[in-house]
Asks: 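Can you read through this structure? Questions will come right after.
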Amino acid sequence: RAEHIAQAVEVIANLETVLTWKGESVYYALACIASRAGRFERALQYAKRSVDLGHDAQPMLTDPDFANLMADPEAESMLRKLGEKRRGQV
């Protein structure tokens, strides 16, 4: 529900400064929530951090949580570039 997504984004903003474990899966989950909340810039920041920490970007291209990002041409391009960057590192 939309109101829960907005609340989740608020909680994340408050928790982000005190999180002690920030693995790639945490950032992937944060990217999912930010994406669903329509916070594209924030979602892309979290997605990039997730990939930088070792998460595969390919699932982002088909994950329903990223559907609204994939509908935005600029955001889709950025997600695809993350996937290419990760493949180039492996």
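Side chains included, hydrogens not; waters and symmetry mates left out as well; all remaining heavy atoms used.
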Asks: Do Met70 and Thr62 have side-chain heavy atoms sitting under 4.5 Å apart?
Replies: no
Asks: Compare every heavy atom of Ala43 with every heavy atom of Leu69, then report the nearest pair and how far apart it is.
Replies: CD1-CB, 3.9 Å
Asks: Check whether Tyr46 forms a cation-pi arrangement with Arg42 (NZ or CZ under 6.0 Å from the six-membered ring centre, at most 45° off the ring normal).
Replies: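 Yes - Arg42 lies over the ring of Tyr46, closer than 6.0 Å to its centre and within 45° of its axis.
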Asks: With side chains defined as the heavy atoms from C-beta onward, is the minimum distance between Val51 and Tyr27 less than 4.5 Å?
Replies: no
Asks: Does Tyr28 have its ring centroid less than 6.0 Å away from the ring centroid of Phe66?
Replies: yes
Asks: From Asp56 CG over to Glu24 CD, what is the distance, rounded to the nearest 0.5 angstrom?
Replies: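 It is 10.5 Å, given to the nearest 0.5 Å.
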Asks: Compare every heavy atom of Leu79 with every heavy atom of Ala47, then report the nearest pair and how far apart it is.
Replies: CB-CD2, 4.1 Å
Asks: Counting C-beta onward and ignoring hydrogens, is there a side-chain heavy-atom pair between Ser35 and Asp65 closer than 4.5 Å?
Replies: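 No, too far: nothing below the 4.5 Å cut-off.
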Asks: Report the distance from atom CE of Met78 to atom NZ of Lys48, rounding to the nearest 0.5 Å.
Replies: 9.5 Å
Asks: Roughly how far, to the nearest 0.5 Å, is CZ of Arg39 from CG of Leu30?
Replies: 13.0 Å
